[in-house]
Amino acid sequence: MPELPEVQTIVDDLHKVLKKKRILSIRVTKPRLLHNPLTFLRQHLVGATIRSVRRRAKLLLFDLSSGYTLIIHLKMTGQLIWRSHLGKLSGGGHPIVGVASVPNRYTHITIDLSGGSRLYFNDVRQFGYFKLLPTSALVQHFSSYGPEPLSVDFSLSGLRAELQRRRRSTIKAALLNQQVVAGIGNIYADESLFVAGLSPSRRVGRLTQVQAAKLYRAIRQVLKRAVHSRGTSFSNYVDGLGRTGTYWPRRLVYGRAGSPCRRCGRTIKRTVVAGRGTNFCPHCQK
DNA sequence: ATTTATGTTTACAG
DNA sequence: CCTGTAAACATAAA
């Protein structure tokens with residue numbers, strides 16, 4: 001559920017509190033969520049120090065002193081909550097209705113850290129996962145992912161090239177395709193398309209050069225603003241303290257079907273494109 | 001009480 | 001190669 005801005009917010013918050021912490025033990029009640037044997041995980045995790053917490057696409061990366069990197073995907077309903085020995089909270093993820101404390105019935109993995117703090121992985125639908133890889137294997141592991149949209153790796157010419165390969169696809173499907181650009185999900189796909197003035201169901205091949213450039217700029221602008229707002233949320237993200245991001249009240253179309261368009265005042269419509277609920281303004285987006 | 005929808009990704013069919 | 005659909009699982013809303 002969390003997309004790039006939400007994952008970035010969680011990563012930034014967790015990096016502050018987890019950096020230099022040593023992993024003392026790990027407990028798993030749902031082995032299905034691990035992509036490695038538990039013994040292998042323990043072997044390279046326990047005793048290692050967390051060097052840094054980073055993000056690639058929608059995944060969190062924990063670089064360890066053991067030469068391994070722990071990859072965590074929150075998928076739709078995962079959350080990572082850190083709690084200090086005094087009860088201070090950090091991290092975040094999908095909010096769980098009526099459940100504010102950790103651990104709880106959705107806590108599937110617990111990591112004990114030096115200093116008496118703990119990191120809890122909670123996931124209602126259990127789609128999320130933990131995967132441990134040698135740090136040296138990361139480049140290969142992410143070779144099928146497109147560029148980070150907020151880095152210099154993401155260029156207009158590169159986007160054009162990727163779009164060219166998928167000219168029969170709808171623009172929305174292309175934005176959701178992680179091979180085109182990494183980190184965009186349903187919310188920011190809809191928001192970017194509104195800012196670019198493009199209909200979600202439009203075929204990629206029918207984009208003009210000017211429109212592709214508008215889309216490129218829209219993606220970067222929308223994601224930058226969302227990161228600065230600590231994500232969107234309300235229904236898709238809260239931080240460790242239960243606070244939502246502030247992008248939600250600023251959103252332009254996502255979840256606003258039936259409400260007036262902020263630009264033209266006409267009604268925002270909802271359809272299904274690329275198999276996903278899609279919100280757009282038929283008047284402002286062509 | 002059923003049915004429908006949910007922010008993700010992958011496997012599979014066409 | 002490309003695209004659309006279903007499915008992994010659980011819950012809340014309709």
Those residues that, when tested against [X], pass side-chain contact (heavy atoms from CB on, under 4.5 Å) (two or more places apart):
X        : result
A:Gln178 : A:Ala57, A:Lys58, A:Tyr145, A:Ala182
A:Ala137 : A:Pro134
A:Gln43  : none
A:Asp112 : A:Leu24, A:Ser25, A:Arg27, A:Thr110, A:Arg118

Can you tell me the distance, in whole Å, between the [atom1] atom of [X] and the [atom2] atom of [N]?
X        : N     : atom1 : atom2 : value
A:Leu175 : B:dT9 : CG    : C1'   : 17 Å
A:Leu33  : C:dA8 : CG    : P     : 16 Å
A:Lys30  : C:dC9 : NZ    : C1'   : 11 Å

Pair pattern of DNA chain C in dot-bracket, where unpaired bases get dots and | marks partners in another strand, Watson-Crick or G-U under 3.5 angstrom: .|||||||.|||||

Would you tell me if any nitrogen or oxygen in the side chain of [X] comes within less than 4.0 Å of OP1 or OP2 on [N]?
X        : N     : value
A:His73  : B:dT9 : yes
A:Gln178 : B:dT8 : no
A:Tyr129 : B:dT8 : no

Plane angle bin for A:Tyr254 and A:Trp248 - parallel if under 30°, tilted between 30 and 60°, otherwise perpendicular: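 A:Trp248 and A:Tyr254: perpendicular rings.
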
Those residues that, when tested against A:Arg56, pass salt bridge (charged side-chain N to carboxylate O under 4.0 Å, His left out) (two or more places apart):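 Result, salt bridge (charged side-chain N to carboxylate O under 4.0 Å, His left out) vs A:Arg56: A:Glu148.
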
Pairing residues for A:His141 by the ring-ring contact (aromatic ring centres under 6.0 Å, His included) criterion, not counting sequence neighbours: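 Partners of A:His141 under the ring-ring contact (aromatic ring centres under 6.0 Å, His included) test: none.
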
Residues which pass side-chain hydrogen bond (donor to acceptor under 3.5 Å, both in side chains) with A:Glu162, listed by chain and number, not counting sequence neighbours: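 Partners of A:Glu162 by the side-chain hydrogen bond (donor to acceptor under 3.5 Å, both in side chains) criterion, ordered by chain and then number, come out as A:Arg166.
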
Report all interatomic pairs (protein N or O, nucleotide N or O of nucleotides 3-7 of chain C) with separations under 3.5 Å.
| residue | atom | partner | partner atom | Å |
| --- | --- | --- | --- | --- |
| C:dT3 | OP1 | A:Ser169 | N | 3.0 |

Please list, pair by pair, any protein nitrogen or oxygen found under 3.5 Å from a nitrogen or oxygen in nucleotides 2-6 of chain B.
| residue | atom | partner | partner atom | Å |
| --- | --- | --- | --- | --- |
| B:dT6 | OP1 | A:Arg270 | NH2 | 2.3 |
| B:dT6 | OP2 | A:Arg270 | NH2 | 3.3 |
| B:dT6 | O2 | A:Arg125 | NH1 | 3.1 |
| B:dT6 | N3 | A:Arg125 | NH1 | 3.2 |

Remaining members of the apolar cluster that contains A:Val139, side-chain heavy atoms under 4.5 Å: none

Distance between P atoms of B:dA11 and C:dC9 (Å, rounded): 15 Å

Pairs touching residues 267-286 of chain A that satisfy ring-ring contact (aromatic ring centres under 6.0 Å, His included), sequence neighbours left out: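 Those involving residues 267-286 of chain A do not exist here.
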
Salt-bridge contact A:Arg230-A:Asp12 (side-chain N to carboxylate O under 4.0 Å):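 No salt bridge links A:Arg230 with A:Asp12.
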
